[in-house]
Engineer: 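Please see the structure below; I have some questions.
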Amino acid sequence: VYSVEDSDLCMTGTAELPLGGYYMDQTLTEAELPIRMAAFGHCFRTEAGAAGSASRGLYRVHQFSKVEMFVLATAEQSDALHEELISLEEEMFSELGLHFKQVPGNPTLDMPSEDLGAPAYRKFDVECWMPGMGRYGEISSASNCTDYQARRLNIRYRPSKAPEGKKKAPLQFVHTLNATACAVPRMIIAILENFQQEDGSVTNTCLIMGIEQEDGSVIIPEPLRPFMGGMEVIEAPK
């Protein structure tokens, strides 16, 4: 991370940090959980040790914007909520027409333990085909951190049912989960590279959409068109 000179501050690498910090030192009731949140934030990362073609262009940058999903849950809820976050990612990226790297029966990758950061108990990645790199590249991930972050942030809840002979149930640490909804630079790469037409021919995608495009134009995925003033195609400069 980037540190701020002459202070104990640093620049955040993801919006999950302020979202988790919002509930720091709080005690919740079981009825309040799960708490689902999302935030748009600016992220700053040193990307130390990164090298190769992915370090050029927009794929790996030091400052970028991202929409992050974050959840507080009980231990009993967290596995199902992890699946819910993954389903949201799959739905969003499928609607955009992106092609994922898949394992049998699953469009996400269940990451091995040696690829997990310290907080994550389990993490799934979504990798999209990126023609410019000639390979699949990560566009999203979803992690279940169980109570790792909650212990450091001191976020706890009181179960609604007390043990026999007790007036109150002992406090428990919540589980935290996070998932990327949209990392803006990588989404730009995925859309431009997969929907740009090289020779102006009518591809299967275009036939389905009923569009004929000019040389080098970019088809705008249908869910994004309302946000582009109704445009269907970004034309190549004349």
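Keep in mind the model is a prediction, meaning the values are calculated, not measured. Computation of the quantities below employed the complete heavy-atom set of this structure, encompassing side-chain atoms and omitting hydrogens, waters and symmetry-equivalent molecules.
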Engineer: Ignoring hydrogens and angles, tell me if any N or O in the side chain of Ser140 forms a donor-acceptor pair with the backbone of Thr180 under 3.5 Å.
Structural biologist: yes
Engineer: Tell me, yes or no, whether the heavy-atom count around Glu114 atom CD, taken from other residues, nucleotides or ligands under 6.0 Å, exceeds 12.
Structural biologist: yes
Engineer: Kindly check if the number of other-residue, nucleotide or ligand heavy atoms within 6.0 Å of CZ (Phe64) is above 12?
Structural biologist: yes
Engineer: Examine distances only and state if a side-chain atom of Asp115 and a backbone atom of Met111 form a donor-acceptor pair shorter than 3.5 Å.
Structural biologist: no
Engineer: Starting at CZ of Arg36, measure out to CG of Leu88 and round the result to the nearest 0.5 Å.
Structural biologist: 9.0 Å
Engineer: Please report the closest heavy-atom contact between Pro170 and Pro159, naming both atoms and the distance.
Structural biologist: O-CD, 3.2 Å
Engineer: CG/Leu153 to OG1/Thr176 distance, rounded to the nearest 0.5 angstrom?
Structural biologist: 8.0 Å
Engineer: Give the ring-plane orientation class for Tyr136 versus His99, where under 30° counts as parallel, over 60° as perpendicular and anything between as tilted.
Structural biologist: tilted
Engineer: Could you tell me whether the side chain of Asn144 reaches within less than 4.5 Å of the side chain of Asp79, counting heavy atoms only?
Structural biologist: yes
Engineer: Testing the 3.5 Å rule here: is there a donor-acceptor pair between the side chains of Tyr148 and His175?
Structural biologist: no
Engineer: Is the closest side-chain donor-acceptor distance between Ser87 and Glu84 under 3.5 Å?
Structural biologist: no
Engineer: More than 12 foreign heavy atoms under 6.0 Å from CE of Met92: is that the case here?
Structural biologist: yes
Engineer: How many angstroms lie between OG1 in Thr12 and CZ in Phe44, if you round to the nearest 0.5 Å?
Structural biologist: 9.0 Å
Engineer: Would you indicate whether the side-chain heavy atoms of Glu138 and Tyr59 approach each other to under 4.5 Å?
Structural biologist: yes
Engineer: For the NZ atom of Lys123 and the OG atom of Ser143, what is their distance to the nearest 0.5 Å?
Structural biologist: 5.5 Å
Engineer: Any donor and acceptor pair, going by atom type alone, linking the side chain of Glu127 with main-chain N or O of Gly137 inside 3.5 Å?
Structural biologist: no
Engineer: Keeping Asp25 on the side-chain end and Ile155 on the backbone end, is there a donor-acceptor pair under 3.5 Å?
Structural biologist: no
Engineer: Kindly indicate, with the supporting measurements, whether the criterion side chain to side chain donor-acceptor pair (under 3.5 Å) is fulfilled by Glu32 and Thr29.
Structural biologist: CA-CA 5 Å; Glu32 293 178 273; Thr29 64; 3.2 Å; yes
Engineer: Is it the case that Glu16 and Gln149 place a side-chain donor and acceptor less than 3.5 Å from each other?
Structural biologist: yes
Engineer: Please examine the side chains of Ser78 and Leu177, heavy atoms only from C-beta on, and report whether any two atoms are closer than 4.5 Å.
Structural biologist: yes
Engineer: Just by distance, do the side chain of Glu193 and the backbone of Gly132 share a donor-acceptor pair under 3.5 Å?
Structural biologist: yes
Engineer: Examine distances only and state if a side-chain atom of Arg225 and a backbone atom of Ile220 form a donor-acceptor pair shorter than 3.5 Å.
Structural biologist: yes
Engineer: Specify the closest pair of heavy atoms between Ser141 and Asp125, including all atoms of both residues, with the distance to one decimal.
Structural biologist: CB-OD1, 3.1 Å
Engineer: On the six-membered ring of Tyr2, is Arg45 placed so that its NZ or CZ lies under 6.0 angstrom from the centre and within 45° of the ring axis?
Structural biologist: no
Engineer: Is there side-chain contact between Tyr23 and Val174, with at least one heavy-atom pair below 4.5 Å?
Structural biologist: no
